[in-house]
Colleague: 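Next up is a structure, given as structure tokens.
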Amino acid sequence: KAGVTQTPRYLIKTRGQQVTLSCSPISGHRSVSWYQQTPGQGLQFLFEYFSETQRNKGNFPGRFSGRQFSNSRSEMNVSTLELGDSALYLCASSPRPGNHNEQFFGPGTRLTVL
Amino acid sequence: GESVGLHLPTLSVQEGDNSIINCAYSNSASDYFIWYKQESGKGPQFIIDIRSNMDKRQGQRVTVLLNKTVKHLSLQIAATQPGDSAVYFCAENTGGTYKYIFGTGTRLKVLA
């Protein structure tokens, strides 16, 4: 069974631009969560989608948004990029929401904002 | 692969020895804890969890100990192997399905 895939793996953008990251969950997994990981803050929860609906949202500004498609694939978008948005963005999928011991992470997208 | 934390505390252990990785958590009301392993260039991987009504839980070669009095969590890895080299971090659930605080982690280096 293929794991969680994220594209692109690396991305360089400049301040003010926007970016869209993609995540394909493990087949059969309907819950997709997004996290931001930085050296200083560790992992921080962004949002979680299940059946195309956002179920939970972390404490991030409205510039961070996401969506989920009917095939469970998910995208997240960051608008008006700031230098502080430079981070590793991780996607994780699980069969059901909130099941952390059945949650599998992708390798992440490394975003650098210049 | 990319480095998640360039200035993490590092624990160097000889292959075959036991490793102990520590984590201090912040919220005395936290009732669920997870340990993750993150290898270079990969996402975190769930290792083991423990609920606050337990002091100890064992998995395959790993044991998690919880000391609620001093808000301390530890991960013990028996007979450490080169494949155990990674960053390990803990997470505490502060209430609610997604109310987690994640630690920044400790880098484990296994010396041959």
Side-chain angles (χ1 to χ4, degrees), chain A residues 3-12 21 23-26 31-50 54-60 66 86-112, chain B residues 1-10 21 23-27 30-52 54 57-60 62 64 73 75 86-107:
Chain A
V4 178
T5 58
Q6 292 187 244
T7 56
R9 290 294 311 275
Y10 301 90
L11 206 48
I12 299 176
L21 312 181
C23 171
S24 293
I26 290 172
S31 173
V32 174
S33 299
W34 287 91
Y35 298 83
Q36 181 194 68
Q37 189 174 39
T38 58
Q41 299 284 330
L43 208 63
Q44 295 185 88
F45 171 71
L46 279 157
F47 27 65
E48 188 253 351
Y49 287 87
F50 180 73
Q54 187 182 90
R55 303 243 321 181
N56 285 282
K57 191 176 192 303
N59 191 25
F60 277 82
S86 293
L88 183 66
Y89 289 89
L90 291 157
C91 161
S93 77
S94 59
R96 290 164 295 281
N99 235 0
H100 290 271
N101 58 355
E102 290 184 292
Q103 190 180 55
F104 293 88
F105 283 83
T109 294
R110 169 69 65 186
L111 172 65
T112 301
Chain B
E2 56 266 332
S3 294
V4 172
L6 299 178
H7 303 292
L8 294 175
T10 299
I21 300 169
C23 174
Y25 64 91
S26 59
N27 192 327
S30 293
D31 60 359
Y32 177 63
F33 305 86
I34 303 173
W35 274 103
Y36 291 93
K37 172 187 181 183
Q38 188 168 17
E39 296 175 84
S40 183
K42 296 185 179 180
Q45 175 189 351
F46 174 97
I47 301 174
I48 192 168
D49 58 0
I50 188 168
R51 297 204 173 274
S52 59
M54 302 172 72
R57 189 159 190 234
Q58 289 185 286
Q60 190 176 18
V62 294
V64 55
L73 199 64
L75 177 71
V87 172
Y88 292 82
F89 60 92
C90 66
E92 60 176 301
N93 183 266
T94 58
T97 304
Y98 291 94
K99 301 285 186 188
Y100 281 88
I101 298 175
F102 295 88
T104 51
T106 296
R107 188 180 305 280

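Naming: A, B, ... by sequence-line order, numbering from 1 per chain. Given the structure is predicted, the values throughout are model-derived calculations rather than measurements. Just the heavy atoms: all of them, side chains too, but no hydrogens, waters or symmetry mates, feed the values below.
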Colleague: Select one option (side chain, backbone, both, neither) describing which atoms of A:F104 are under 4.5 Å from chain B's heavy atoms.
Modeller: neither
Colleague: Taking all non-hydrogen atoms of both residues into account, name the closest pair between B:F102 and A:L43 and its distance.
Modeller: CD1-O, 3.1 Å
Colleague: What are the two closest non-hydrogen atoms of B:P44 and A:L90, and how far apart are they?
Modeller: CD-CD1, 3.7 Å
Colleague: At their closest point, which heavy atom of A:N101 faces which heavy atom of B:F46, and how far apart are they?
Modeller: CB-CZ, 3.4 Å
Colleague: Looking at every heavy atom in both B:G41 and A:P107, which two are closest together, and how far apart are they?
Modeller: O-CB, 3.8 Å
Colleague: Working to the nearest 0.5 angstrom, can you tell me the gap between A:F105 CZ and B:K42 NZ?
Modeller: 15.0 Å
Colleague: Taking salt bridge (Lys or Arg N to Asp or Glu O under 4.0 Å) as the definition, give me every residue that meets it alongside A:R96, ordered by chain and number, with sequence neighbours left out.
Modeller: A:E102
Colleague: How far does CD1 of B:I101 sit from CD of A:Q41, to the nearest 0.5 angstrom?
Modeller: 11.5 Å
Colleague: Assess the pair A:H100 and B:Y32: is the distance between their ring centroids shorter than 6.0 Å?
Modeller: no
Colleague: Looking at side-chain heavy atoms only, is the closest gap between B:Q38 and A:L88 below 4.5 Å?
Modeller: yes
